[in-house]
Undergrad: 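To start, I am sharing the structure in question, which I have written as structure tokens.
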Amino acid sequence: MKNKITRREFIKLSGKTACACSMIGTSLVLTNCGESSPTSPADTTGESKSFNLDEDLYTVLKTVGGSAVTTGNTIDSRGLLLYRETESNIIAYTRKCTHAGYEMLAFQNGKAYCSSGHGGEFNLEGQAISPPATGSLKEYETELNENILTVFGG
């Protein structure tokens, strides 16, 4: 003989399962897109990383207004967001969005956007200008010697 389940038992069991699934889904959304800031970056004081502006990935930085991004490195695990401010200065920021830690895209039209598409934007000074991002991107010291850019941790 087969065990039969009544309609009432089926609805009760289905309701509990649906409730558990929605709680898990909500928990994941809140964890991945919460309002809290991502963890603080590691202390990289004493570290430095050099970039040759003659390399294809960085030639855009030879022109004032050019911007590029790097992959993760010893200075910042998310990578760096670079911007040629003047003939003699390139700015380096963390590539980690202050909202949820997603990677930032290179500057375009004076703004850097979060790669997640959640709307976070930053101006050329590294300040958040569009929620949910808040605060400022961490900035690193730089030194430009001809076509070699050195970024210093800290």
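Below, all heavy atoms of this structure are taken into account, side chains as well, without hydrogens, waters or symmetry copies.
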Undergrad: May I ask you to check whether over 12 heavy atoms, not counting those of Glu141, lie within 6.0 Å of atom CD?
TA: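 No, CD of Glu141 has 12 or fewer neighbouring heavy atoms, counting only those of other groups under 6.0 Å.
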
Undergrad: Yes or no on side chain to side chain contact (heavy atoms under 4.5 Å, CB included) for Glu85 and Leu124, after CA distance, side-chain angles and deciding distance?
TA: CA-CA 9 Å; Glu85 180 181 42; Leu124 295 172; over 6 Å; no

Undergrad: Transitively linked via ILVMFWY side-chain contacts under 4.5 Å: Tyr83 with Ile90?
TA: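 Different hydrophobic clusters.
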
Undergrad: Of the non-hydrogen atoms in Ala133 and Glu121, which two are nearest, and what is the gap between them?
TA: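 Shortest heavy-atom separation between Ala133 and Glu121 comes out as CB-N, 4.5 Å.
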
Undergrad: Apply the test side chain to side chain contact (heavy atoms under 4.5 Å, CB included) to residues His118 and Cys97: give CA-CA distance (whole Å), side-chain angles for both, the deciding distance (0.1 Å), then the verdict.
TA: CA-CA 10 Å; His118 66 51; Cys97 178; 3.6 Å; yes

Undergrad: Tell me whether the guanidinium CZ or amine NZ of Lys49 lies under 6.0 angstrom from the six-membered ring centre of Phe51 and within 45° of its axis.
TA: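 Verdict for Phe51: a cation-pi partner in Lys49.
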
Undergrad: Linking I/L/V/M/F/W/Y whenever any side-chain heavy atoms sit under 4.5 Å apart, do Val69 and Val60 land together?
TA: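 No, separate clusters.
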
Undergrad: Hey, are the side chains of Phe122 and Thr98 touching, using non-hydrogen atoms and a 4.5 Å cut-off?
TA: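 Counting from C-beta outward, Phe122 and Thr98 do come under 4.5 Å.
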
Undergrad: Would you mind reporting whether Ile91 and Leu82 have side-chain heavy atoms less than 4.5 Å apart?
TA: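 They are not in side-chain contact.
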
Undergrad: Are any non-hydrogen side-chain atoms of Asn52 and Glu146 less than 4.5 angstrom apart?
TA: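 Answer no - side chains too far apart.
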
Undergrad: Please walk me through it: do Thr150 and Ser48 pass side chain to side chain donor-acceptor pair (under 3.5 Å)?
TA: CA-CA 7 Å; Thr150 304; Ser48 66; over 6 Å; no

Undergrad: Run the side chain to side chain contact (heavy atoms under 4.5 Å, CB included) check on Thr94 and Tyr140 step by step: do they pass?
TA: CA-CA 8 Å; Thr94 181; Tyr140 296 99; 4.2 Å; yes

Undergrad: Identify which one of Val151, Ile75, Asp76 satisfies the side-chain contact (heavy atoms from CB on, under 4.5 Å) criterion when paired with Glu47.
TA: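 The side-chain contact (heavy atoms from CB on, under 4.5 Å) with Glu47 is passed solely by Ile75 among Val151, Ile75, Asp76.
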
Undergrad: Taking C-beta and beyond as the side chain, do Thr63 and Arg84 meet within less than 4.5 Å on heavy atoms?
TA: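 Side-chain contact under 4.5 Å: no.
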
Undergrad: Any non-hydrogen side-chain atom of Asn73 less than 4.5 Å from a side-chain atom of Thr71?
TA: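 Of all side-chain heavy-atom pairs linking Thr71 with Asn73, none is under 4.5 Å.
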
Undergrad: Is there a side-chain contact between Leu137 and Leu81 in this structure, where contact means two heavy atoms from C-beta onward sitting under 4.5 Å apart?
TA: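 When only atoms from C-beta onward are counted, Leu81 and Leu137 do touch, with a gap below 4.5 Å.
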
Undergrad: Is there side-chain contact between Glu143 and Ile148, with heavy atoms separated by less than 4.5 Å?
TA: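 Of all side-chain heavy-atom pairs linking Ile148 with Glu143, none is under 4.5 Å.
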
Undergrad: Is it the case that the side chain of Ser67 and the backbone of Phe107 share a donor-acceptor pair, with hydrogens and angles ignored and the cut-off at 3.5 Å?
TA: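 Side chain of Ser67 to backbone of Phe107: a pair is present.
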
Undergrad: Check whether any side-chain N or O of Arg95 sits under 3.5 Å from a backbone N or O of Met104 as a donor-acceptor pair, and report yes or no.
TA: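 Yes, Arg95 side chain to Met104 backbone: donor-acceptor pair under 3.5 Å.
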
Undergrad: Between Leu61 and Val64, is there a shared hydrophobic cluster once you connect ILVMFWY residues whose side-chain heavy atoms come closer than 4.5 Å?
TA: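 No, it is not one cluster - the side chains of Leu61 and Val64 are not joined through contacts under 4.5 Å.
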
